[in-house]
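Predicted model, so just to flag it, every value in this text is computed and none were measured.
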Number of protein chains: 2
Amino acid sequence: MSSLSREIEKYLKTLLENAHNGVIEVQRSTLSGFFECVPSQINYVLSTRFTPAHGYIVETRRGGGGYVRIIRLNINSNNKLKILFDEIIGSELTQNQSEGLLEYLRKEDYLTRREAILLKNITSENVLAGSLPKNMDTLRAQILQSILATILREDI
Amino acid sequence: MSSLSREIEKYLKTLLENAHNGVIEVQRSTLSGFFECVPSQINYVLSTRFTPAHGYIVETRRGGGGYVRIIRLNINSNNKLKILFDEIIGSELTQNQSEGLLEYLRKEDYLTRREAILLKNITSENVLAGSLPKNMDTLRAQILQSILATILREDI
DNA sequence: TATTCAATGGTCAAGTATGGTCAGAAAAGA
DNA sequence: TCTTTTCTGACCATACTTGACCATTGAATA
């Protein structure tokens, strides 16, 4: 059972796929009308799935003729990779953010599908389990275990 | 008399049999409703019968539209990996050991050269730095940093 | 020009829908 | 009986949805 947010996300990403320059413009009210939800639902989707960490920038404008513009970042054109790198140094990333970033790197073909899955699993809660492991060697074992499990998967 | 846990286990494994790619998705609440038990019973079954050691990976998501995804591992054809896997469970690995293991996986063509490098860097002392990071989000940032650094390398 | 106001979009907190954890009770097995 | 496994329920964490109220913009109007 997919959530509304996921539907809206999918819809927007389809629009972006079909846009030649990786930019789309929509109206918040129109979108929310289409999906029969409150307008702020759109904001929720944007703020959880179209952040810079996910590889997107959102620009908006209020008032008459207002709009929501979603821009998919393209690494090649503006050295985004190095910028990302700098931004991430010394920072913290939630699972959602790191997942988004890996997905982005995948989409930009900096990672293969398998690489992305490997890395996503490693940075997931299950591996970096809720509580911090006692020491680095334990953590390493958990990571290697995750790697082996991924290699063993039938569906990739 | 078969226990409820065994029933649930059997049920899930039947579903997996009928799934094409060894992956199924269920909802915890639906399942517990079906078997008329408390939701946490499902967790019990998952954690006692669908662990990586048993040949399964479980991925979950909370919140609206949440799910429990069970992925069957392909252990039949890969005895060597399975043995390795069992050895690692609950153990600890020094950097040297994990590097050796990755090297082995590379040599046996379970990993590409690039994958091996990515993973080796992640499990190196520099990333999983001597002292444990303050929290998971910090650790994730360190890992992503390492990934980006590897991607940026021109020699692979 | 200054003011007003309709048309947009933004924020935030509360409510709902999932799933997770853990400790102790109950049941089963040795 | 003693131990292990199973079951239960109270409490927790995360993700999604909704609605009341706020802010900005541009066009119409005074």
Would you mind reading off the distance between [X] atom [atom1] and [N] atom [atom2], rounded to a whole angstrom?
X	N	atom1	atom2	result
A:Leu31	C:dT8	CG	C1'	14 Å
B:Arg6	D:dT4	CZ	P	17 Å
B:Tyr67	C:dG19	OH	C1'	12 Å
B:Leu46	D:dT5	CG	P	17 Å
B:Asp137	D:dT14	CG	P	10 Å
B:Arg28	D:dC12	CZ	C1'	11 Å
A:Tyr44	C:dA14	OH	P	17 Å
A:Ile42	D:dT18	CD1	P	11 Å

**Request:** Run through A:Gln95, A:Glu99, A:Glu103, A:Glu115 and flag the one making a side chain to side chain donor-acceptor pair (under 3.5 Å) with A:Lys120.
**Result:** A:Glu103
**Message:** Do the side chains of B:Glu9 and B:Lys13 get close enough for a salt bridge, i.e. N-O under 4.0 angstrom?
**Reply:**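 Yes, charged N to carboxylate O under 4.0 Å.
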**Request:** Would you indicate, yes or no, if D:dC16 has its OP1 or OP2 atom less than 4.0 angstrom from a side-chain nitrogen or oxygen of A:Gln41?
**Result:** no
**Asked** Is the distance from OP1 or OP2 of C:dG9 to the nearest side-chain N or O of A:Ser29 less than 4.0 Å?
**Response** yes
**Asked** Counting any heavy atom closer than 4.0 Å, what does A:Arg69 reach on the DNA or RNA strands: base, sugar-phosphate only, or nothing?
**Response**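 It contacts nothing in the nucleic acid.
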[X] has a side chain; which of [options] sits nearest to it?
X	options	answer
A:Ser40	D:dG9, C:dG9, D:dT18	D:dT18
B:Gln27	C:dT18, D:dA15, C:dG9	C:dT18
B:Val38	D:dG9, D:dT17, D:dC7	D:dG9

**Message:** Could you measure the distance from the CD1 atom of B:Ile24 to the OH atom of B:Tyr11? Nearest 0.5 Å is fine.
**Reply:**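 Reported to 0.5 Å precision, the distance equals 8.0 Å.
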**Asked** From B:Leu4 CG over to B:Phe35 CZ, what is the distance, rounded to the nearest 0.5 angstrom?
**Response**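 One finds 7.0 Å between CG of B:Leu4 and CZ of B:Phe35.
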**Message:** Quick check: any donor-acceptor pair below 3.5 Å linking the side-chain of B:Arg62 to the base of C:dG20?
**Reply:** no
**Fill in**
Of B:Ile8 and A:Thr48, the one whose nearest nucleotide on DNA chain D sits closer to the 5' end is B:Ile8
**Request:** Answer yes or no on whether B:Lys80 is positioned over the face of B:Phe85, meaning its NZ or CZ is under 6.0 Å from the six-membered ring centre and within 45° of the axis.
**Result:** no
